Amino acid sequence: MNAIYKYFILFISINIFFSCNLNDKPSDLKMKEGLTNELSNKAIVIKFDQQDGLFSEKDGVKYYEGYFNAEIKFIANYSNNYRVGERYKIIKGTLAFMKTENGWNCQSFDISAANLVKIKEEGDNVSHISAGESNINKESNQYSKIDSTNQNKVIKLFDSYDGQEYFGEINSSNIRMKIVWKKNKTISAIYYFLDNPQNLNSWTGNNYKDGLLVISDNVSGENSREGKLFKSLDENSIVWSGNISNSSGEEESVIIRRPR
């Protein structure tokens with residue numbers, strides 16, 4: 001009976017050990033953040049599907065390689081091969097992580113070792129890229145309205161703006177933003193919507209109280225919405241989140257973030 005009991009305990013211990021190790025891996029969200037950071041925040045991850053992974057350990061440090069498929073869209077030119085607006089499928093990509101005191105930390109993504117398939121847009125042909133191929137010194141309330149045929153001009157104007165870059169969402173629509181933090185605790189900012197970059201919209205506001213950002217959201221040149229954002233920190237990012245509302249009291253959620 002004692003022998004059976006000992007084997008039972010051993011069996012349970014082994015199952016708990018393997019269960020803990022399987023659960024102790026980077027989450028899909030962590031892997032998506034790692035991929036975005038490794039692409040220098042010049043692409044957004046539209047779809048992500050983790051396929052498999054491999055644990056290893058060296059000198060007491062834990063490592064993890066996550067294998068995935070994904071779909072990404074470039075929101076800025078990246079190296080000499082990828083242009084703003086282009087979408088690609090990543091097939092059999094690999095992200096390398098190392099376990100630190102603060103959790104899993106992404107170490108690398110080798111884009112040249114992955115198989116990238118360009119997603120066909122209207123008027124385009126499908127192409128494959130595999131391994132080996134691969135200041136506007138004005139206040140932010142000065143916005144520019146650009147025709148849809150000149151979307152690259154909007155992005156070029158945005159890129160020339162001297163500010164701190166953030167990515168986020170307004171009412172679930174992805175945005176790209178730059179904020180200028182001034183010595184007098186006021187701010188100015190410009191942003192555009194990634195799915196339709198026809199206009200540069202802007203914020204003005206203040207940061208008189210630490211951790212609180214009071215803003216006016218100027219859409220199409222009008223002070224149409226106001227709100228408050230509150231600062232928080234996650235493992236890898238500085239986050240501002242809150243709500244903006246118009247004169248009718250209708251609210252929209254806002255969240256923006258940048259790497260720490």
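Just so it is clear, the model here is predicted, and its values are computed rather than measured. For the numbers below, each heavy atom of this structure counts, side chains included, while hydrogens, waters and symmetry mates do not.
- Expressed to the nearest 0.5 Å, how far CD of E252 lies from OG of S172 amounts to 9.5 Å.
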Subject >> Criterion side-chain contact (heavy atoms from CB on, under 4.5 Å) on W203 and V254, from CA distance to verdict >> reply: CA-CA 12 Å; W203 282 2; V254 179; 3.9 Å; yes
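- The aromatic ring centres of F55 and Y63 sit 6.0 Å or more apart.
- Between A43 and F74, the closest heavy-atom pair is CB-CD2, 3.8 Å.
- Ion pairing between D234 and R257 holds under the 4.0 Å rule for side-chain N and carboxylate O.
- Residues L95 and L35 form a side-chain contact, since some pair of their non-hydrogen atoms from C-beta on lies under 4.5 Å apart.
- Using a cut-off of 4.0 Å between Lys/Arg side-chain N and Asp/Glu carboxylate O, D210 and K185 are scored as salt-bridged.
- N102 and T100 form no side-chain donor-acceptor contact under 3.5 Å, judged by distance and modelled atom types alone.
- A heavy-atom distance below 4.5 Å is found between the side chains of V117 and I91.
- Residues G93 and A114 approach most closely at CA-CB, 4.3 Å, considering heavy atoms.
- In this structure, N207 contributes its side chain and L212 its backbone to a donor-acceptor pair below 3.5 Å.
- Taking the six-membered ring for Trp and the full ring otherwise, the centers of Y88 and Y82 sit less than 6.0 Å from each other.
- Closest non-hydrogen pair, S202 versus Y191, comes out as N-CE2, 4.0 Å.
- Of all heavy-atom pairs spanning S253 and N243, the tightest one is CA-OD1, 3.4 Å.
- Side-chain contact check for Y208 versus T186: some heavy-atom pair is nearer than 4.5 Å.
- K30 forms no cation-pi arrangement with W104, by the criterion of a distance under 6.0 Å to the ring centre and an angle within 45° of the ring axis.
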**OP:** Decide yes or no on side-chain contact (heavy atoms from CB on, under 4.5 Å) for K89 and I119, but give the supporting numbers first.
**Re:** CA-CA 7 Å; K89 288 183 179 180; I119 298 174; 3.9 Å; yes
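- Considering only heavy atoms from C-beta on, I238 comes within 4.5 Å of K231 through its side chain.
- Two different hydrophobic clusters hold F97 and L29 under the rule that ILVMFWY side chains link at heavy-atom gaps under 4.5 Å.
- Inspection of the Y166 and S237 side chains reveals no N or O donor paired with an N or O acceptor under 3.5 Å.
- L229 places none of its side-chain heavy atoms less than 4.5 Å from the side chain of S241.
- Rounding to the nearest 0.5 Å gives a distance of 8.0 Å between SG of C106 and CE of M31.
- When hydrophobic clusters are built by joining Ile, Leu, Val, Met, Phe, Trp and Tyr residues whose side-chain heavy atoms come closer than 4.5 Å, directly or via intermediates, I179 is not grouped with V239.
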Original post:
When you look at I215 and I244, which way does the side-chain contact (heavy atoms from CB on, under 4.5 Å) test go after all the steps?
Top reply: CA-CA 8 Å; I215 59 169; I244 52 176; 3.6 Å; yes
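- No donor-acceptor distance shorter than 3.5 angstrom exists from the side chain of K73 to the backbone of I44, with no hydrogens or angles considered.
- For the residue pair Y161 and A189, the shortest heavy atom distance occurs at OH-N, 4.2 Å.
- Proximity of E165 to R258: side-chain heavy atoms (C-beta onward) are nowhere separated by under 4.5 Å.
- Taken from CZ in F167 to NZ in K42, the straight-line distance is 9.5 Å, to the nearest 0.5 Å.
- Checked by atom type, the side-chain pair R176/Y192 shows a donor-acceptor distance below 3.5 Å.
- Under 3.5 Å, the side chains of E169 and N171 contain no donor-acceptor pair of N or O atoms.
- The backbone N or O of R225 sits nowhere less than 3.5 Å from a side-chain atom of D217 that would complete a donor-acceptor pair.
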Subject >> From CA spacing to verdict: side-chain contact (heavy atoms from CB on, under 4.5 Å), I111, L116 >> reply: CA-CA 8 Å; I111 193 170; L116 270 71; 4.0 Å; yes
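- With rounding to the nearest 0.5 angstrom, the CG atom of N105 is 6.0 Å from the CE atom of M98.
- Cluster annotation: I255 and V214 are assigned to distinct hydrophobic clusters (Ile/Leu/Val/Met/Phe/Trp/Tyr, side-chain heavy-atom contacts under 4.5 Å, transitive).
- Put simply, the side chain of D110 never gets that close to the backbone of T94: no donor and acceptor are under 3.5 Å apart.
- The number of heavy atoms from other shown groups lying within 6.0 Å of NZ (K228) does not exceed 12.
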Subject >> Working for salt bridge (charged side-chain N to carboxylate O under 4.0 Å, His left out), residues D24 and K99 >> reply: CA-CA 10 Å; D24 184 23; K99 189 70 174 289; 3.1 Å; yes
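- With rounding to the nearest 0.5 angstrom, the CG atom of N201 is 9.5 Å from the CD1 atom of I175.
- Between the CE atom in M177 and the CD1 atom in I190 there is a gap of 9.5 Å [rounded to 0.5 Å].
- Under the 4.5 Å side-chain criterion, counting only non-hydrogen atoms from C-beta, T36 is not in contact with F109.
- The two atoms that bring V180 and G163 nearest to each other are CG2-CA, 4.0 Å, heavy atoms only.
- Side-chain atoms of K47 do not come within 3.5 Å of backbone N or O of I72 as any donor-acceptor pair.
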